[in-house]
Number of protein chains: 2
Amino acid sequence: MLSKKTRYAIKALVVLGKNFGEAPMQISKIASDEHIPKKFLEQILLDLRNAGLLYSKKGAGGGYGLVKDPAEIFVVQVLRLTGGPVALLPCVSLNFYQKCDECSNEATCGVRDVFLEVRNATLKILSETSIADVIRREGLLIENTEV
Amino acid sequence: MLSKKTRYAIKALVVLGKNFGEAPMQISKIASDEHIPKKFLEQILLDLRNAGLLYSKKGAGGGYGLVKDPAEIFVVQVLRLTGGPVALLPCVSLNFYQKCDECSNEATCGVRDVFLEVRNATLKILSETSIADVIRREGLLIENTEV
DNA sequence: TACAAAGTATATAGATTTAGTAGACTTTTA
DNA sequence: TAAAAGTCTACTAAATCTATATACTTTGTA
């Protein structure tokens with residue numbers, strides 16, 4: 001399961017993606033629109049800023065905005081920045097690798113092999129899906145709902 | 001990430017799968033072979049037994065064994081029995097569904113749509129892979145390692 | 001029939017992680 | 001110069017996970 005942190009981060013980036021090119025958006029606006037605790041969101045946005053995804057502007061009229069086009073930010077990046085490994089086992093994680101302490105031989109572990117396949121499938125989707133894609137899908141879903 | 005409980009459960013089923021058709025196997029044997037804390041494993045095997053996957057025999061010469069052929073036990077079942085949802089978001093989980101409390105409209109949520117795709121990909125693999133497959137893969141990996 | 005082997009059942013402790021809150025500080029604009 | 005808005009660090013409360021403890025029941029066999 002994704003952590004709330006990761007979920008909030010994705011949601012915030014989607015909102016900011018829709019706002020791309022406009023004036024920066026305030027934390028409180030994002031927080032209330034998306035029902036995210038404001039103080040928690042502050043920390044998350046700060047992390048995303050420190051990672052270079054967002055710019056920020058202090059003072060009256062300040063706020064946050066995307067540094068890059070939403071089409072160039074991929075969901076997998078957000079997972080990784082907010083600490084969520086993509087893999088279901090530490091021993092198949094690219095960015096959060098850890099040896100399974102109960103496993104005697106990683107190279108011949110059938111369980112690992114299965115979850116390697118799962119990781120690859122997940123990774124493919126999440127590294128091909130950008131924030132812009134998420135926004136686009138939302139549009140398609142709304143169309144389908146209206147019909 | 002899968003919990004240790006889930007990982008231990010899969011490992012134990014693989015061991016019992018290799019032993020299928022033979023005399024029941026003792027908890028302590030499985031625990032020491034697979035480096036799993038014995039007392040913890042006891043609880044896990046009990047759960048799997050209560051779920052109908054394992055039979056048990058008390059007393060001297062007792063132990064645990066698979067009720068069904070390892071080809072008929074699928075990895076996804078183990079995840080679910082040991083409390084690990086397959087989905088990365090509660091709102092796309094089939095067996096552990098929960099509404100995302102921050103989400104205003106599930107039907108048109110783009111984030112949900114992406115993670116629905118991820119869940120489907122994961123589910124496909126895990127529901128097509130049996131304990132027998134895990135054992136088979138292990139064999140293939142060993143061959144490749146030896147060459 | 002008594003004893004040892006082995007599983008059953010429930011409770012609880014300890015550690016870790018997650019989620020959220022608090023508060024004091026800095027920068028910017030009007 | 002006051003209000004708006006982000007920055008930074010620390011802390012706490014709750015949940016979950018991992019593991020251990022203890023007492024009990026069943027079964028085989030000497």
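Residue numbers begin at 1 in each chain, while the letters A, B, ... track the order of the sequences.
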>> Here's a test of your reading of the structure: between K38(A) and G59(A), which maps to the more 5' nucleotide of DNA chain C?
In response: K38(A)
> Would you say the side chain of E42(A) and the base of dT21(C) hold a donor-acceptor pair, judged only by whether the two atoms sit under 3.5 Å apart?
Replying inline: no
>> Is there a path of hydrophobic side-chain contacts, each under 4.5 Å between heavy atoms, that joins L81(A) and V134(A)?
In response: yes
> Starting at the 5' end of DNA chain C, which residue's closest nucleotide do you reach first, K4(A) or Y64(B)?
Replying inline: Y64(B)
>> In whole Å, I'd like the distance from the CG atom of N50(B) to the C1' atom of dT8(C).
In response: 9 Å
> Would the F40(B) and Y8(B) ring centres measure less than 6.0 Å apart?
Replying inline: yes
>> Nearest whole Å is fine: how far is dA4(C) P from K57(B) NZ?
In response: 20 Å
> CD1 of I44(B) versus P of dG7(C): gap in Å, rounded?
Replying inline: 14 Å
>> Quick check on DNA chain D: between K58(B) and L41(B), whose nearest nucleotide comes earlier from the 5' end?
In response: L41(B)
> Is L116(A) linked to V111(A) within one hydrophobic cluster, defined over Ile, Leu, Val, Met, Phe, Trp and Tyr using a side-chain heavy-atom separation of less than 4.5 Å?
Replying inline: yes
> Separation of L48(B) atom CG from dG7(C) atom C1', in whole Å?
Replying inline: 14 Å
> Considering heavy-atom distances to DNA chain D, does G83(B) or K39(B) have its closest nucleotide positioned more toward the 5' end?
Replying inline: G83(B)
>> Considering every strand and a 4.0 Å limit on heavy-atom distances, what is the contact class for M1(B): base, sugar-phosphate, or nothing?
In response: nothing
> Do I131(A) and I142(A) sit in the same hydrophobic cluster, where Ile, Leu, Val, Met, Phe, Trp and Tyr count as joined when their side-chain heavy atoms come under 4.5 Å apart?
Replying inline: no
> Rounded to whole angstrom units, what separation is found between the CZ atom of F40(B) and the C1' atom of dT8(C)?
Replying inline: 17 Å
> Does I125(B) belong to the same Ile/Leu/Val/Met/Phe/Trp/Tyr cluster as F115(B), with side-chain heavy atoms less than 4.5 Å apart forming each link?
Replying inline: no
> Contact boundaries of DNA chain D with chain A (under 4.0 Å, heavy atoms), 5' to 3'?
Replying inline: dA4(D) to dA10(D)
>> What's I27(A) touching, base or sugar-phosphate or nothing? Going by heavy atoms closer than 4.0 Å.
In response: sugar-phosphate
> Just how far, in rounded Å, is P of dT18(C) from CD of Q43(A)?
Replying inline: 14 Å
>> Just N and O in the side chain of Y55(B): are any of them under 4.0 Å from OP1 or OP2 of dG7(C)?
In response: no
>> Taking V75(A) as the starting point, is it possible to reach L94(A) by hopping between hydrophobic residues whose side chains are less than 4.5 Å apart?
In response: yes
>> Between C1' on dA11(C) and CG on L46(B), what's the gap in Å once rounded to a whole number?
In response: 15 Å
> Between F96(A) (CZ) and dT17(C) (C1'), how many Å, whole number?
Replying inline: 14 Å
> Shortest non-hydrogen contact from G63(B) to P24(B)?
Replying inline: C-CB, 3.7 Å
